[in-house]
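One structure, as structure tokens, below. Some questions next.
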Amino acid sequence: MSEQNELIKRRLEELEEIKKLGINPYPHRFDVTTDSKSIIDGFTDPENDEEKEKQKKVVVSVAGRIMAIRKMGKATFCHIKDETGRIQIYIRKDDVGDESYSVFRLLDIGDIIGVSGYPFRTKTGEVSVHALSYQLLTKSVQPLPVVKEEVTEAGEKIVYDAFADVELRYRQRYIDLIVNENVKNTFIKRTKIIQSIKRTLESNSFFEVETPTLQTIYGGANAKPFVTHHNALDIDLYLRISNELYLKRLIVGGFNRVYEFVRDFRNEGIDRTHNPEFTQVEWYQAYGDYYDSMNMFEEVVEKACIDIHGASKIMYGETELDFKRPWKRIRMTEAIENKLGIDIMKMKKDEIINYMNTNGINFDPKISHSKGLLIANLFEESCEEDLIQPVFVYDFPIDTTPLCKQLREYSLSDLEEMKKNPEQVIFAERFEPYIYKWEMGNSYTELNDPVLQRSLLEQQVERGRGGEEETHPLDEDFINAIEVGMPPTTGVGLGVDRLVMLLTDSQSIRDVIFFPLMRPV
RNA sequence: GGGACCGUAGCUCAGGGGUAGAGCAUCUGCCUUUUAAGCAGAGGGUCGGUGGUUCGAUCCCACCCGGUCUCACCA
């Protein structure tokens with residue numbers, strides 16, 4: 001506020017003038033008896049003069065921010081905005097008195113006022129409050145973008161000079177929320193979606209828990225972590241990339257069904273569907289398998305959609321999405337066969353590499369050692385784009401994760417043979433739900449064989465040393481927990497931000513996060 | 001990180017080698033049922049930053065800063 005432009009200077013002068021008049025521009029409280037929506041919804045037009053006079057006796061008090069002022073000499077119209085909407089205020093010199101009326105010239109768009117008066121309908125048909133008195137509640141000294149609205153006869157709202165600069169909107173979300181009507185609705189829906197997910201989980205006996213954000217060792221996902229430092233202990237700590245390993249410890253500890261909404265932090269690129277910190281809900285269910293998780297997942301999402309929209313069908317941009325249960329389920333290998341017409345199981349590793357090269361399908365040479373990773377890569381590159389309607393893609397090559405059980409149909413002796421043959425891909429009971437080409441989550445029949453668990457995690461550490469990025473360091477205490485014994489368990493992670501995007505028709509993750517990360521100015 | 005595009009008044013935008021325009025907002029005056037209120041007048045800008053080319057740069061060039069989209073990365 002040191003570099004004052006004319007508008008701010010003017011407002012600060014007004015502030016001083018108000019103080020000189022003995023008016024506190026920042027009083028401590030105001031008795032609000034109603035809100036704009038209740039006034040408008042509750043208004044009934046008087047049928048005769050007697051009734052009209054009666055209505056004048058019913059005084060209400062509302063408070064809100066001034067969004068528009070129309071001065072007409074000895075009368076002024078303004079619109080104030082509260083949590084429930086906008087309402088017009090009619091202030092007349094005769095009613096509020098000369099002194100009070102003259103103070104109004106010191107008020108601006110952006111100031112917050114409280115008004116006491118009676119509801120009436122103006123000549124032009126708008127339900128308004130005829131002020132008997134008003135009080136300044138907060139003087140604003142920053143000029144607010146002035147957004148004008150016109151309501152056509154058809155009832156359509158036309159917005160002029162919308163506050164549209166995306167950068168400013170994100171950096172100063174409080175202004176965005178004040179002047180852009182839909183922004184607030186999106187965030188209200190976000191909270192309702194989260195509440196709905198919690199209700200569904202709670203009604204299925206899942207128990208809400210809290211686990212550490214600051215972790216001495218990170219794991220549970222393949223991602224680069226943020227590093228920070230604890231001074232007293234003089235150790236580096238990681239901001240969690242996932243809470244998976246902690247929730248499994250709680251399953252070991254005897255909680256059979258747990259869930260947690262967590263902020264995960266991943267030190268990666270930013271784009272339309274990625275923010276460095278994002279929200280996931282993970283839930284774990286003892287004695288269940290990944291089919292149980294599919295059922296829960298589709299229930300959670302379908303109910304969230306119905307809670308928000310009243311139906312399972314929504315539009316996302318130009319695309320209609322239907323979340324109605326049950327969702328389609330397809331094996332990864334089937335998805336590849338359907339799309340490309342190749343039976344990936346019959347192809348040798350080199351044939352797959354060859355196929356990808358000749359068809360211009362990108363893959364990271366670092367994964368060429370693993371037929372399983374190549375298959376997963378081929379799937380992502382060629383099939384993802386077609387997955388518009390909700391679908392569970394299941395049975396992933398085991399190389400894609402060290403935390404998941406292999407398929408139940410393998411006998412123990414089969415597995416011994418398969419492991420010896422690098423052309424033999426072992427699949428794991430993992431699925432990912434896809435909606436609108438996006439991975440909406442991740443789920444396993446969780447691995448609880450401590451010997452295999454240790455061996456898979458150690459292999460991953462080795463691969464990390466071999467140059468593959470984003471693998472886990474070894475979490476000995478987690479293995480210890482699995483050694484103590486985790487019952488058969490299934491777990492799910494659901495990307496909350498992306499679900500909110502879909503259900504609010506938002507085109508960027510930044511539209512569903514109040515304060516997305518921005519480079520400092 | 002690569003590419004394309006953008007950055008001009010508080011907000012939304014136009015302009016373009018001779019140091020800037022509009023609407024809204026602001027200020028002054030008139031107006032006691034207006035509503036994108038109206039009418040008359042006024043003020044407001046290091047044209048993102050730093051260099052360069054030029055007699056002269058907001059405009060051309062380079063670099064930098066910030067952003068948007070996109071590709072890569074990211075399950």
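Here is the naming used below: chain letters follow the sequence lines, and residue numbers restart at 1 for every chain. Reckoned from all heavy atoms, side chains included, excluding hydrogens, waters and symmetry mates. Here the structure is a predicted model, which means the values were calculated and not measured.
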(message) Measuring from the side chain of A:D108 (C-beta onward, heavy atoms only), which nucleotide among B:rG10, B:rC31, B:rC27 has the closest atom?
(response) B:rC27

(message) In this structure, how many angstroms lie between the P atom of B:rC27 and the NZ atom of A:K9, rounded?
(response) 15 Å

(request) Find the distance between CG (A:N362) and CE (A:M356) and round it off to the nearest 0.5 Å. (result) 8.0 Å

(request) Using a 4.0 Å heavy-atom cut-off across all strands, classify A:A376 as base, sugar-phosphate, or nothing. (result) nothing

(request) Please state whether the base of B:rU33 and the side chain of A:T124 form at least one donor-acceptor pair under 3.5 Å? (result) no

(request) Return the nearest nucleotide to the side chain of A:Y90; candidates are B:rU35, B:rU32, B:rU12. (result) B:rU32

(message) Judged by each residue's nearest nucleotide on RNA chain B, which is more toward the 5′ side, A:Q507 or A:T400?
(response) A:Q507

(request) Please determine, for the side chain of A:L168, which listed nucleotide (B:rC73, B:rC11, B:rU33) has the closest atom? (result) B:rC11

(message) Classify A:D94 by what it touches in the nucleic acid, base, sugar-phosphate, or nothing, heavy-atom distance under 4.0 Å.
(response) base

(request) Would you indicate what A:H130 reaches in the nucleic acid, counting non-hydrogen atoms under 4.0 angstrom: base, sugar-phosphate, or nothing? (result) nothing

(message) Can you identify which nucleotide, out of B:rU32, B:rU26, B:rU34, has its nearest atom closest to the A:A75 side chain?
(response) B:rU32

(message) With a 4.0 Å cutoff (strictly under), does any side-chain N or O of A:R510 reach OP1 or OP2 of B:rU68?
(response) yes

(request) May I ask you to decide whether A:K248 forms a salt bridge with A:E446, counting only side-chain N to carboxylate O separations under 4.0 Å? (result) yes

(message) Using the side-chain heavy atoms of A:M72, tell me which of these nucleotides is nearest: B:rC31, B:rU12, B:rC11.
(response) B:rC31

(request) Hey, which sits more toward the 5' end of RNA chain B by its nearest nucleotide, A:E126 or A:N362? (result) A:E126

(message) Using atom C1' in both nucleotides, what's the gap between B:rA20 and B:rG15 to the nearest angstrom?
(response) 8 Å

(request) For B:rG51 and B:rG3, measure between their P atoms and round to the nearest Å. (result) 26 Å

(request) For B:rA25, take OP1 and OP2 only and decide whether either is under 4.0 Å from a side-chain N or O of A:K148. (result) yes

(request) Look at A:E83 together with A:K184 and state whether they make a salt bridge at an N to O cut-off of under 4.0 Å. (result) yes

(request) Indicate, with yes or no, if the rings of A:F514 and A:F187 have centres closer together than 6.0 Å. (result) yes

(request) Using a strict cut-off of less than 4.0 Å between a Lys/Arg side-chain nitrogen and an Asp/Glu carboxylate oxygen, indicate whether A:D386 and A:K339 qualify as a salt bridge. (result) yes

(message) Under 4.0 Å between a side-chain nitrogen and a carboxylate oxygen: does that hold for A:E277 and A:R263?
(response) yes

(request) Can you tell me, in whole Å, how much space there is between the C1' of B:rG23 and that of B:rG66? (result) 27 Å

(request) Extract the stems that RNA chain B is part of, considering only consecutive pairing runs of at least three Watson-Crick or G-U wobble pairs, both distances under 3.5 Å. (result) B:1-7 with B:65-71, B:10-13 with B:21-24, B:26-30 with B:38-42, B:48-52 with B:60-64

(message) Between B:rU53 and B:rG10, how many Å separate the two C1' atoms, rounded to a whole number?
(response) 35 Å

(message) Regarding A:F396, tell me which of base, sugar-phosphate or nothing describes its non-hydrogen contacts under 4.0 Å with the strands shown.
(response) nothing

(message) Tell me whether the side-chain N/O atoms of A:R11 come closer than 4.0 Å to OP1 or OP2 in B:rG10.
(response) no

(request) Would you mind telling me which of B:rU28, B:rU68, B:rG44 lies closest to the side-chain atoms of A:V166? (result) B:rU68

(message) Determine whether the aromatic ring centres of residues A:W283 and A:F261 are separated by less than 6.0 angstrom.
(response) no

(request) Tell me which nucleotide among B:rU12, B:rU68, B:rU33 gets nearest to the side chain of A:K123. (result) B:rU33

(request) When you get a sec, tell me which of B:rC27, B:rU34, B:rC11 is the closest nucleotide to the side chain of A:F163? (result) B:rC11

(request) Using the C1' atoms only, state how far B:rG67 lies from B:rG29, rounded to an integer number of Å. (result) 43 Å

(request) Determine the interatomic distance between P on B:rU35 and the same-named atom on B:rC47; round to the nearest Å. (result) 39 Å

(request) Return the nearest nucleotide to the side chain of A:Q88; candidates are B:rG10, B:rU68, B:rU34. (result) B:rU34

(request) Could you measure between the two C1' atoms, the one in B:rA4 and the one in B:rA72, and give it in whole Å? (result) 15 Å

(request) Tell me what A:R171 touches on the nucleic acid: a base, only sugar-phosphate, or nothing, going by heavy atoms under 4.0 Å. (result) sugar-phosphate

(message) Given A:R329, which partner from the list A:E432, A:E334, A:E298 fulfils the salt bridge (Lys or Arg N to Asp or Glu O under 4.0 Å) test?
(response) A:E298

(request) Could you check how far CZ of A:R519 sits from P of B:rU68, rounded to whole Å? (result) 10 Å

(message) Mind checking if A:R10 touches a base, just sugar-phosphate, or nothing, with heavy atoms under 4.0 Å?
(response) sugar-phosphate

(request) Provide the distance between the two C1' atoms, one in B:rA22 and one in B:rA9, to the nearest whole Å. (result) 11 Å

(request) State which of B:rA36, B:rU33, B:rC74 makes the closest approach to the side chain of A:E268. (result) B:rC74

(request) Rounded off to whole Å, could you give me the CD1-to-P distance for the A:I8 and B:rG43 pair? (result) 22 Å

(message) Can you tell me whether the side chain of A:E167 and the base of B:rG66 have a donor-acceptor pair closer than 3.5 Å?
(response) no

(message) Is it the case that the base of B:rU32 and the side chain of A:T76 share a donor-acceptor contact (distance under 3.5 Å, atom types as modelled)?
(response) no

(request) Identify whether the distance between the nearest side-chain nitrogen and carboxylate oxygen of A:R105 and A:E17 falls below 4.0 Å. (result) yes

(message) Side-chain N or O of A:R70 versus OP1/OP2 of B:rA37: is the shortest distance under 4.0 Å?
(response) yes

(message) If you take the centroid of each ring, where Trp contributes its six-membered ring, are A:Y170 and A:F515 closer together than 6.0 Å?
(response) no

(message) Considering every strand and a 4.0 Å limit on heavy-atom distances, what is the contact class for A:E384: base, sugar-phosphate, or nothing?
(response) nothing

